[in-house]
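Data first, discussion second: the structure below is written as structure tokens.
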Amino acid sequence: MRLSDPVPGYSRPELKNLLVTVPAAKEIAWEPYRPGVEIYRLYGNGLDGPSAALLRYEAGSAVPLHEHSGYEHILVLAGAQEDQNGVIETGTLVINPPGTRHAVSSRSGCIVLVIYERPVRFL
């Protein structure tokens, strides 16, 4: 294929200025996920196959103990979240391997990008 060949377009999520999500958070169509935690799905439904989403935690909120059957990538965009391994602050990328179990909370609130290879199973 040459660069001059026509290539059909396709739909894809595109989030610009991702690290300034906090000021733009009010413009995102958040949906309830867990008490005090909202979700904006980028792709996937969280029930089968891979998925990616933004999660917004209110101060003091948590996601209960769950297990990952595939890899989980977490990028903290604003604030901080924590689990049994410690606090993950703004700008930090964490990759949890398959079989990882954790409960996640945020004392001050945060916004994170999460990418799941496979669905999460709540325990």
Side-chain angles (χ1 to χ4, degrees):
M1 174 179 283
R2 297 182 319 256
L3 290 178
S4 60
D5 289 343
V7 177
Y10 55 92
S11 175
R12 69 176 183 198
E14 186 173 315
L15 300 172
K16 296 182 183 201
N17 300 316
L18 199 53
L19 295 178
V20 293
T21 301
V22 176
K26 64 183 178 241
E27 299 170 15
I28 294 173
W30 299 102
E31 296 180 6
Y33 182 62
R34 298 280 181 222
V37 181
E38 296 174 306
I39 190 168
Y40 176 72
R41 293 197 184 277
L42 301 170
Y43 65 84
N45 60 14
L47 303 174
D48 54 33
S51 63
L54 295 175
L55 294 177
R56 179 169 66 173
Y57 290 69
E58 292 178 8
S61 63
V63 171
L65 183 64
H66 57 280
E67 180 177 61
H68 298 279
S69 58
Y71 283 95
E72 173 196 45
H73 298 77
I74 301 170
L75 175 59
V76 179
L77 302 173
Q81 73 173 32
E82 60 187 279
D83 65 9
Q84 73 272 19
N85 291 311
V87 176
I88 306 165
E89 298 180 345
T90 301
T92 303
L93 171 67
V94 172
I95 301 172
N96 292 311
T100 299
R101 292 181 172 195
H102 61 165
V104 181
S105 63
S106 180
R107 294 180 192 190
S108 59
C110 66
I111 297 176
V112 299
L113 168 65
V114 293
I115 301 170
Y116 303 112
E117 179 184 22
R118 295 192 179 118
V120 172
R121 182 174 67 96
F122 286 94
L123 305 171

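The structure displayed is predicted, hence computed values, not measured ones.
Nearest heavy atom pair, residue Ser69 against residue Pro98, reads O-CB, 3.7 Å. In plain terms, the two heavy atoms of Ala80 and Ser106 that are nearest each other are O-OG, 2.7 Å. Closest of all the heavy-atom pairs between Gly36 and Ser61 is O-OG, 3.3 Å. Between Asn45 and Asp48, the shortest heavy-atom contact is OD1-N, 3.2 Å. The two residues Thr100 and Pro97 make their nearest non-hydrogen contact at OG1-O, 2.5 Å. Taking each heavy atom of His73 and Ile95 in turn, the nearest pair found is CD2-CG1, 3.4 Å.
Here the straight-line distance linking atom NE2 of His68 with atom CZ of Arg101 works out to 11.5 Å at 0.5 Å rounding. Between Leu54 atom CG and Ile28 atom CD1 the span is 5.5 Å, to the nearest 0.5 Å.
The shortest distance between side-chain heavy atoms of Ile74 and Asn96 falls below 4.5 Å. Counting heavy atoms from C-beta outward, Pro64 and Arg34 have side chains that approach closer than 4.5 Å. Between Ile111 and Tyr57, every side-chain heavy-atom pair lies at or beyond the 4.5 Å cut-off. By the 4.5 Å heavy-atom criterion applied to side chains, Glu58 and Val37 are not counted as neighbours. A heavy-atom distance below 4.5 Å is not found between the side chains of Glu67 and His102.
By the 6.0 Å and 45° rule, Arg118 does not stack over the aromatic ring of Tyr71.
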*Verdict with reasoning, Leu55 to Gln81, per side-chain contact (heavy atoms from CB on, under 4.5 Å)*: CA-CA 11 Å; Leu55 294 177; Gln81 73 173 32; over 6 Å; no
*Going through the distances and angles, do Tyr43 and Ile115 end up as a side-chain contact (heavy atoms from CB on, under 4.5 Å)?*
CA-CA 9 Å; Tyr43 65 84; Ile115 301 170; 3.7 Å; yes
_Run the side-chain contact (heavy atoms from CB on, under 4.5 Å) test on Ile88 and Glu82 for me, step by step, so that the C-alpha distance in whole Å, both residues' side-chain angles and the decisive distance to 0.1 Å come before the verdict._
CA-CA 6 Å; Ile88 306 165; Glu82 60 187 279; over 6 Å; no
*asked:* Between Leu75 and Val114, does the side-chain contact (heavy atoms from CB on, under 4.5 Å) criterion hold? Intermediate values first, please.
replied: CA-CA 7 Å; Leu75 175 59; Val114 293; over 6 Å; no
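Under the 4.5 Å side-chain heavy-atom criterion for ILVMFWY residues, no single connected hydrophobic cluster contains both Leu47 and Tyr116. Hydrophobic clustering, with ILVMFWY side chains joined whenever heavy atoms are under 4.5 angstrom apart, groups Leu113 together with Leu93.
Shown here is Arg107, whose CZ atom has no more than 12 heavy atoms of other residues, nucleotides or ligands within 6.0 Å. Gln84 CD: more than 12 foreign heavy atoms inside a 6.0 Å radius.
Note on ring orientation: taking the six-membered ring where Trp is involved, the planes of Tyr40 and Trp30 are perpendicular (angle over 60°, cut-offs 30° and 60°).
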